[in-house]
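Numbered from 1 within each chain, the chains take letters A, B, ... in sequence-line order.
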Number of protein chains: 2
Amino acid sequence: MKTEKDKVDAIKNGEKHFLHHLSIDCVLFGYHEHQLKVLLLQWKHSGKWSLPGGFIKLDETLEESAKRILKERTGLDDIFLQQFQSFGDPKRSHRSKQDIETLAIVSGSLIDETHWILKRTVSIGYYAVTEYSKVTPRPDPLSEICEWWDIDELPQLVFDHNIIVTEALKALRLQIYHQPIGYNLLPEKFTLPEIHALYETILGKELDRRNFAKKLISLGIIKKLDEMRSIGAHRSPFLYKFDKRKYDKALKEGIALAF
Amino acid sequence: MKTEKDKVDAIKNGEKHFLHHLSIDCVLFGYHEHQLKVLLLQWKHSGKWSLPGGFIKLDETLEESAKRILKERTGLDDIFLQQFQSFGDPKRSHRSKQDIETLAIVSGSLIDETHWILKRTVSIGYYAVTEYSKVTPRPDPLSEICEWWDIDELPQLVFDHNIIVTEALKALRLQIYHQPIGYNLLPEKFTLPEIHALYETILGKELDRRNFAKKLISLGIIKKLDEMRSIGAHRSPFLYKFDKRKYDKALKEGIALAF
DNA sequence: AAATTATTCTGTAATTTATACGCAATGAAG
DNA sequence: CTTCATTGCGTATAAATTACAGAATAATTT
């Protein structure tokens with residue numbers, strides 16, 4: 001585990017450890033009670049909101065980099081990450097004078113216009129989906145707050161981060177039609193209503209529960225167990241689990257869902 | 001138009017003009033006589049084959065950069081470009097001693113291990129599709145030959161370029177199910193057999209011509225004209241053209257094709 | 001001028017898939 | 001033992017996809 005000092009130090013001496021002109025931005029979708037949320041950070045002093053992001057170490061792959069960044073904010077290992085687009089407008093990462101001052105104060109170093117962190121930066125976008133409740137959000141050294149925001153009540157974000165979120169959501173919704181989603185997002189054993197709610201939340205629309213179940217079962221990616229879950233004052237739903245072999249096959253070869 | 005000298009000079013002095021650690025690689029698919037081809041370059045001396053690629057200027061967008069690179073190789077403006085993935089393995093762009101020597105000879109400059117062009121490079125992949133016959137391939141200063149290769153008879157390529165082609169084809173085939181393709185790829189007026197062959201070629205499989213036509217017409221993105229084309233010793237097919245308004249709408253909003 | 005050949009155009013029947021929805025079954029609470 | 005909210009099962013209908021047959025046409029050949 002890194003100390004806070006180490007990470008602030010990274011800004012000062014990052015020149016030697018990170019790829020210049022490149023960054024990673026992560027859109028982490030959190031799923032909870034029929035609501036889709038996004039993890040955001042609030043910068044110190046300016047109070048501006050941003051996506052969790054960071055720089056790429058000289059010897060790590062893009063995916064390793066994204067994983068590391070997300071782990072620092074959430075504590076989670078093994079998130080299913082998906083690269084979806086790179087953002088490279090020459091002016092996208094322009095920082096205001098105030099933001100530069102903040103960087104200088106927080107890192108305790110001189111930041112003039114030649115500083116590596118102010119160079120034009122192309123950002124590689126990754127998205128991931130997680131169970132909201134699994135995460136304990138942790139701000140980074142440059143931020144005051146790290147918390148979930150409802151997908152349709154986002155504040156204005158820094159740089160082009162609002163666009164990045166929009167594109168990530170588009171990519172996620174396109175993906176859900178061509179690959180199964182849910183493994184690592186649901187408990188090992190789950191009920192039909194649970195996976196049904198997950199899909200409805202991500203797609204942002206209603207899906208007939210009976211037809212939905214029929215389709216997933218007929219594709220063979222989930223299968224019924226002989227157990228039930230007790231959910232209080234109502235009929236107990238059966239438990240299901242993913243057929244990992246068929247799930248992985250569907251991941252690799254793609255499926256054609258039509259909801 | 002740049003002179004050859006300018007471009008070789010770019011290697012020597014590119015440090016000041018290009019973003020370090022970043023490059024663009026383009027997979028240009030050429031469509032001709034039921035064959036899908038890819039434009040490749042053969043490097044001088046080593047004889048290795050690669051995709052057309054290049055570096056990003058300090059003040060241009062990623063798309064402008066890709067457009068410029070493709071224009072230099074093909075003469076074509078206005079190609080429909082699609083960013084599809086970034087490739088960032090730390091070892092992906094390793095060059096052999098021989099290749100470094102060639103770079104030094106061709107550019108007439110000293111290239112030691114600190115030279116910017118040898119740094120770890122993340123490449124942003126773009127693909128495009130064009131009519132094979134519209135293109136006059138032109139090698140770049142580092143290459144001997146620039147020519148089309150059949151998609152299923154590609155040689156071994158440098159770096160991870162074989163993977164890049166595979167991923168580009170996957171992305172193109174996924175795209176064709178969700179967006180119309182054909183504008184800028186077919187003459188303004190075309191026949192059903194022509195557009196049918198285009199789709200079969202890109203997807204690499206047979207599509208029933210009657211059902212195919214029914215679908216495109218019912219979606220409204222092509223419409224029948226009152227003219228015919230004479231094709232020699234056979235029945236003359238009717239001409240069609242794209243309904244640009246509906247085509248653009250489909251591009252923007254997406255469609256769901258199922259062939 | 002009639003038959004031949006290769007190709008395009010139109011239509012329809014059979015099948016599969018998707019959609020809509022009614023109702024019985026269940027577990028706990030009153 | 002009735003009520004309530006919820007799950008599970010099944011079926012009728014609509015829509016989309018697939019498969020395929022046969023007529024029409026423009027030269028070329030006989």
With no hydrogens and no angle check, just 3.5 Å: does a side-chain donor-acceptor pair link [X] and [Y]?
| X | Y | result |
| --- | --- | --- |
| Q42(B) | S143(B) | no |
| Y127(B) | Q83(B) | no |
| S86(B) | S86(A) | yes |

Salt bridge present between [X] and [Y] (N-O < 4.0 angstrom):
| X | Y | value |
| --- | --- | --- |
| K67(A) | E64(A) | no |
| R245(B) | D243(B) | no |
| R92(B) | D25(B) | yes |

For [X] and [N], give me the distance from atom [atom1] to atom [atom2], rounded to whole Å.
| X | N | atom1 | atom2 | result |
| --- | --- | --- | --- | --- |
| L216(B) | dT17(D) | CG | P | 12 Å |
| L257(A) | dT19(C) | CG | P | 11 Å |
| R229(B) | dT25(D) | CZ | C1' | 17 Å |
| L219(B) | dA16(D) | CG | P | 11 Å |
| F212(B) | dA19(D) | CZ | C1' | 18 Å |

- Query: For the residue pair H178(A) and H178(B), is the inter-centroid distance of their aromatic rings smaller than 6.0 Å?
  - Reply: yes
- Query: Contact class for A213(A) (heavy atom, under 4.0 Å): base, sugar-phosphate, or nothing?
  - Reply: nothing
- Task: Give me the ring orientation class for F190(B) and Y240(B): parallel if the planes are under 30° apart, tilted from 30 to 60°, perpendicular past 60°.
- Result: parallel
- Item | Residue mapping more 5' on DNA chain C - nearest nucleotide basis, G232(A) or K215(A) | K215(A)
- Working to the nearest 0.5 Å, report the span between OG of S123(A) and CG of D89(A). 12.5 Å
- Query: What one-letter contact string describes nucleotides 1-10 of chain C from 5' to 3', where B marks a base within less than 4.0 Å of any protein heavy atom, S marks contact via sugar-phosphate atoms alone, and - marks no contact?
  - Reply: -----BBBBB
- Geometric cation-pi criterion, K37(B) with F29(B): 6.0 Å, 45°: no
- Task: Tell me which residues in residues 200-208 of chain A put a heavy atom below 4.0 Å from DNA chain D, sorted by number, or none.
- Result: none
Between the protein and nucleotides 11-15 of chain D, are there any N/O to N/O pairs under 3.5 Å, and if so, what are the atom names and distances?
{"from": "dT11(D)", "atom 1": "O4", "to": "K214(A)", "atom 2": "NZ", "distance (Å)": "2.9"}

- Item | Option among Y31(B), W148(B), W149(B) that satisfies the ring pair (Phe, Tyr, Trp, His ring centres under 6.0 Å) test with Y132(B) | W148(B)
